[in-house]
Amino acid sequence: MRVLGVDPGLTRCGVGAVEGRPGAPLSLVAVGVVRTGADEELGARLVGIEAGIEHWLDEVRPDAVAVERVFSQHNVRTVMGTAQAAGIAVLCAARRGLPVALHTPSEVKAAITGSGTADKKQIGAMVTRLLRLTEMPRPADAADALALAICHVWRGGPQHRLAQAVAAAKARSRTVAPGGPARTPRDAAGPPGDGARTPGSP
């Protein structure tokens, strides 16, 4: 199963896709960041995030999407922007009929590191290890997106089973559709200026 994780944010929206199943090694598909300028008008920033996520959905073609569940923080302005970006990600996935799951930060931390209070450095280190990467994905938003995707592969529950059914249906259609299987992106390039990158790229 292929899952696209989204770590929502207005300035940097982390995106990362992994492929695998519970109990088996996972593999990296692509990782990067969708960026918008802090000096842009809010509407323009949301449009930019939507375009970036749509591009990633086109390129990665996931079976499910995992988005961080936004929770209340002391900085209300920050959490509002995060919630708006999360809503865009959910909308883009739902519009395509993809299963969408929301995971809290503590759920993701517990799934990846075994501790619900792990810090970003610990999460990045475990993501690097689990995906057998040569270096930690940067920025931290990108590593967090991969952690979300890994968490969903391992702990998806009913959403996981739905995504598996969708993946199986896609696999069947690929065997009969002309043109062969879907293309996997050779890199994590997103829309111009989105700052997408793969680990190890300059």
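Everything numeric here is computed off the predicted structure, so don't read it as measured data.
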Just list the side-chain donor-acceptor pairs under 3.5 Å for residues 120-127, sequence neighbours left out, or say none.
unit_1 : atom_1 : unit_2 : atom_2 : d
Lys120 : NZ     : Asp144 : OD2    : 2.4
Gln122 : OE1    : Asp119 : N      : 2.8

Salt bridge (charged side-chain N to carboxylate O under 4.0 Å, His left out) between Glu54 and Arg96, worked out: CA-CA 10 Å; Glu54 289 286 358; Arg96 295 170 181 243; 2.5 Å; yes

Steps toward side chain to side chain contact (heavy atoms under 4.5 Å, CB included) verdict (Val67, Leu148): CA-CA 7 Å; Val67 182; Leu148 277 156; over 6 Å; no

Working for side chain to side chain contact (heavy atoms under 4.5 Å, CB included), residues Leu131 and Ser27: CA-CA 6 Å; Leu131 296 178; Ser27 59; 5.9 Å; no

Arg45/Thr11 under side chain to side chain donor-acceptor pair (under 3.5 Å): CA gap, chis, key distance, verdict: CA-CA 8 Å; Arg45 299 182 80 178; Thr11 302; 2.9 Å; yes

Verdict with reasoning, Thr36 to Ile49, per side chain to side chain contact (heavy atoms under 4.5 Å, CB included): CA-CA 7 Å; Thr36 67; Ile49 291 171; 3.8 Å; yes

Residue pair Asp63, Val3: steps toward the side chain to side chain contact (heavy atoms under 4.5 Å, CB included) verdict: CA-CA 6 Å; Asp63 303 305; Val3 178; over 6 Å; no

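Tested against Val15 for a side-chain contact (heavy atoms from CB on, under 4.5 Å), the candidates Leu57, Val6, Leu146 yield a single pass: Val6.
When all heavy atoms of Ile88 and Glu50 are compared, the pair lying nearest together is CG2-CA, 3.6 Å. Ala93 and Val65 get closest at one heavy-atom pair: CB-CG2, 3.7 Å. Closest approach of Cys151 and Ala111 over heavy atoms only: SG-CB, 3.8 Å. Leu133 and Leu28 make their closest contact through CD2-CD2, 3.8 Å (heavy atoms, listed as atom of the first residue, atom of the second, distance). The two residues Ala101 and His103 have their closest heavy-atom pair at CB-NE2, 3.7 Å. Contact between Val31 and Trp56 at its shortest, heavy atoms only, is C-CH2, 3.4 Å.
Between Pro62 and Met1, the closest side-chain pair of non-hydrogen atoms is not below 4.5 Å. In this structure, the side chains of Gln84 and Leu46 come closer than 4.5 Å at one or more pairs of heavy atoms.
Here the straight-line distance linking atom CD of Glu19 with atom CG of Leu4 works out to 12.5 Å at 0.5 Å rounding. For the atom pair Arg155 CZ and Ile150 CD1, the distance stands at 12.5 Å (nearest 0.5 Å).
Defined by atom type and a distance below 3.5 Å, a donor-acceptor pair is present between the side-chain atoms of Thr117 and Ser115.
Within 6.0 Å of CZ on Arg95 lie more than 12 heavy atoms contributed by other residues, nucleotides or ligands.
Linking Ile, Leu, Val, Met, Phe, Trp and Tyr whenever their side-chain heavy atoms come within less than 4.5 Å puts Leu42 and Val34 in one cluster.
The backbone N or O of Val60 sits less than 3.5 Å from a side-chain atom of Arg2, completing a donor-acceptor pair.
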